[in-house]
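All residue numbers in this chain count up from 1 along the given sequence.
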Amino acid sequence: MTTIFKVLFFLALILAAGFGFSWIADRPGDISLVWQGQSYQTTLLVAVTALVALVALVMALWWVIRTLWTSPHSVRRFFRARKRDRGYQALSTGLIAAGAGNALLARKMSARARGLIRADQEPLIRVLDAQTALIEGRHDEARRLYQEMSEDPETRELGLRGLFVEANRLGAHEAARQYAETAAEHAPYLPWAAKATLEYRCRAGHWDDAIRLLDQQRIANVLDRHEADRLKAVLLTARAQDQLEAEPAAARDSALKALKLAKDLVPAAIVAAKAYVREDNLRKAASTLEQVWKIEPHPEIAAAYLRARSGDSAADRLKKAEKLEALKPNNYESLLAVAEAALDAQDFKRARAKAEAAARMGSRERVYLLLADIEEAETGDQGRIRHWMGQALKAPRDPAWVADGHVSERWMPISPVTGRLDAFEWKMPFDQLEGPVEEGSLSQGEQALASLPPISDKAIAESDPIEVIEPDVVVVDRAKSAPKPNADVQSSKPRAAAETAAAASVEAKSQEPFFGRPPDDPGVKDPSLATAEPKTRLKLF
């Protein structure tokens, strides 16, 4: 913009001069000058032109004289600038070499830069020396240079960063924490210092200090609004978990603040609901869980919702599960919640229908185990139970809390592997390669349901006993139309089959179930009461 204004000013000046000369030319006149007895007479236009030329000549002479007068200084400044340019060129080459790992060239360029530029005038020379020392393995010298840089206000941040990295390399975590906190105190806008300090405070469980530091980072624009809100919600949830036992009211307030910042944060909703339950406010607890369920259905939300009141019967829990399904219909987690509640309530028809619908929607280990539980409780057919257990072994694993490859049974605010904040995600522990889905092909759940074996005769007999025909009567009827030599053979077959079936029935009653608990387990009921008591849930792991 400055150059444009200069050009416009120059053009305006030329136009003004031309306009002035034309104005004078349109108004002719004479000028007479008498000096030392001599008379000089000329026109006005010539006089003005001569005056302008004289001014220009004086200005040109002044420029020449000034240039000659200042030429020694200009020459000295030229050579000094040239030397400085060579020094910066060497410094640039050295930094590039240090970044590439070329220690020999970096040391050579550092020595050349020191000969051309004074080290106290250019802090980058120390940086190059420190980088060169690190490449060559001279860590003591590098730490000394970083310490010198940390004492200089101009290079304090760079020096603290180098000392922080070296302390972490040596495993001196306490020293690294002090360097990070010092850098964050002087410059809260540094991402590495703020992040490291935040992680150290989270590991120590100092949630209030971590929240205060996070607010400072947000004010300094280190984090954007969405990321800052998410991390603050995680910190508030962690603080609420620690406050739940001793201060339920404070835990409730912290969890509700977290839900305002991150409406889909499941752990915050669970903590808030538990705090409400401790205050005997079941309506608020249910409302909080329902709001999060509408956004993100989660099995932990369903479990907390169904078990909020300890005195509820299985039928009451089934009604609550149906309410969750109404809030989020045609959802995998909603169907599983109703199926599990229906199984506890001995409503096998509804449990099977919901579980099969969930299996068609998503083939997971949990739904097949639930179908095996339903099969064991309703029919007791070992073949069908083994079928569902085999499907569970082949199915993808259920989602879990995963952070940096670590699978946890519960949510935690930081990763136990790297210490990263908000690292846990609800997802599958590992991915499995699957073939392409072709149009018209059946899903894994459909295939599992289609390949389900029919209920065995023994299971039907145990569930609905019928009158058994005596083998002798059958033999007598068949003997009327069969030759006598074959009568003994045919009469022996039904008797053998009947004896085998009876022996198998006695053996099945005496032996423990395939996926049951040992007989000495106190949780095993009397076999005579097996039809009245719900059976143990099946689990693979």
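Side-chain contact annotation: Y189 with E157, donor-acceptor N/O pair under 3.5 Å present.
More than 12 heavy atoms of other residues, nucleotides or ligands shown are found within 6.0 angstrom of CD on Q178. Within a 6.0 Å sphere centred on CZ of R309, other residues, nucleotides and ligands contribute 12 heavy atoms or fewer. Few gaps surround CG on D224; more than 12 heavy atoms of other groups in view lie less than 6.0 Å from it. No more than 12 heavy-atom neighbours from other residues, nucleotides or ligands sit within 6.0 angstrom of NZ on K274.
Atom CG in D264 sits 10.5 Å away from atom NE2 in H298 (nearest 0.5 Å). Rounding to the nearest 0.5 Å places CZ of R278 at 4.5 Å from CG of L244. Going from atom CG of L289 over to atom CD1 of I270 covers 7.5 Å, rounded to the nearest 0.5 Å. Atom CE in M389 sits 8.0 Å away from atom CG in D373 (nearest 0.5 Å). One distance of note links CG of L198 with CG of L235; it measures 6.0 Å at 0.5 Å rounding. In this structure, L324 CG and L335 CG are separated by 12.0 Å, a value rounded to the nearest 0.5 Å.
With a 4.5 Å cut-off on side-chain heavy atoms, F348 and L343 count as touching. Between E181 and E185, every side-chain heavy-atom pair lies at or beyond the 4.5 Å cut-off. By the 4.5 Å heavy-atom criterion applied to side chains, E340 and K354 are not counted as neighbours. Side-chain contact between K232 and K257 is absent, with no heavy-atom pair separated by less than 4.5 Å. Counting heavy atoms from C-beta on, the side chains of S363 and Y368 come closer than 4.5 Å. With contacts defined as side-chain heavy-atom distances shorter than 4.5 Å, the pair F424/H406 qualifies. Between I414 and E199, every side-chain heavy-atom pair lies at or beyond the 4.5 Å cut-off. A heavy-atom distance below 4.5 Å is not found between the side chains of T182 and R156.
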>> As a quick check of understanding, evaluate side chain to side chain contact (heavy atoms under 4.5 Å, CB included) for D344 and L318, giving each step before the final call.
In response: CA-CA 8 Å; D344 292 338; L318 179 56; over 6 Å; no
> Hey, mind stepping through T237 and W411 against side chain to side chain contact (heavy atoms under 4.5 Å, CB included) and telling me if it holds?
Replying inline: CA-CA 10 Å; T237 304; W411 177 86; 3.7 Å; yes
> Would E296 and K328 satisfy salt bridge (charged side-chain N to carboxylate O under 4.0 Å, His left out), going step by step from the backbone distance to the final call?
Replying inline: CA-CA 9 Å; E296 186 67 27; K328 201 71 175 180; over 6 Å; no
>> Quick one, N168 with H173, criterion side chain to side chain contact (heavy atoms under 4.5 Å, CB included). Give me CA distance, side-chain angles, the key distance, then yes/no.
In response: CA-CA 6 Å; N168 278 329; H173 300 294; 4.0 Å; yes
>> Would R212 and D215 count as a salt bridge (charged side-chain N to carboxylate O under 4.0 Å, His left out) here? Give the steps.
In response: CA-CA 5 Å; R212 185 165 50 252; D215 292 336; over 6 Å; no
> Run the side chain to side chain contact (heavy atoms under 4.5 Å, CB included) check on E333 and W293 step by step: do they pass?
Replying inline: CA-CA 10 Å; E333 295 296 338; W293 180 267; 3.9 Å; yes
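Side chain of E325 to main chain of V338: no donor-acceptor pair is present (N/O by atom type, distance under 3.5 Å, no hydrogens or angles). The backbone N or O of A273 sits nowhere less than 3.5 Å from a side-chain atom of T288 that would complete a donor-acceptor pair. Within the 3.5 Å criterion, the main-chain N or O of R366 finds a donor-acceptor partner in the side chain of D398. Judged by distance alone, the side chain of S254 and the main-chain N or O of A240 form no donor-acceptor pair under 3.5 Å. A donor-acceptor pair is defined here as one N or O able to donate and one able to accept, closer than 3.5 Å; no such pair exists between the side chain of W192 and the backbone of R161. Although no hydrogens or angles enter the test, the distance criterion places a donor-acceptor pair under 3.5 Å between the side chain of R201 and the main chain of D209.
Closest approach of L282 to A308, counting heavy atoms only: CD2-O, 4.2 Å. For the pair L158 and Y146, the tightest heavy-atom approach, listed with the atom from each and the gap, is O-CD2, 4.2 Å. In this structure, A193 and A180 approach most closely via the heavy-atom pair CB-O, 3.7 Å. Of all heavy-atom pairs spanning V367 and A358, the tightest one is CG2-CB, 3.9 Å. Residues A228 and L223 share a closest heavy-atom pair of CB-CB, 4.2 Å. Scanning all heavy atoms of the two residues, the minimum distance from A355 to I374 falls at CB-CD1, 3.9 Å.
A salt bridge is defined here as a Lys NZ or Arg NE, NH1 or NH2 lying under 4.0 Å from an Asp or Glu carboxylate O, and K323 with E290 meets this definition. One finds no salt bridge joining D229 and K260 here, because no Lys/Arg side-chain nitrogen approaches an Asp/Glu carboxylate oxygen to under 4.0 Å. Between R230 and E227 there is no salt bridge, since no side-chain N of the basic residue sits under 4.0 Å from a carboxylate O of the acidic one. Under 4.0 Å is where a charged nitrogen must lie from a carboxylate oxygen, and between R352 and E375 at least one such pair does.
In this structure, W401 and W426 have perpendicular ring planes: the angle between them is above 60°, well past the 30° mark.
The side-chain contact (heavy atoms from CB on, under 4.5 Å) search around K294 returns L327, not counting sequence neighbours.
Sorted by first then second residue, the ring-ring contact (aromatic ring centres under 6.0 Å, His included) pairs that include residues 199-241, not counting sequence neighbours, number zero.
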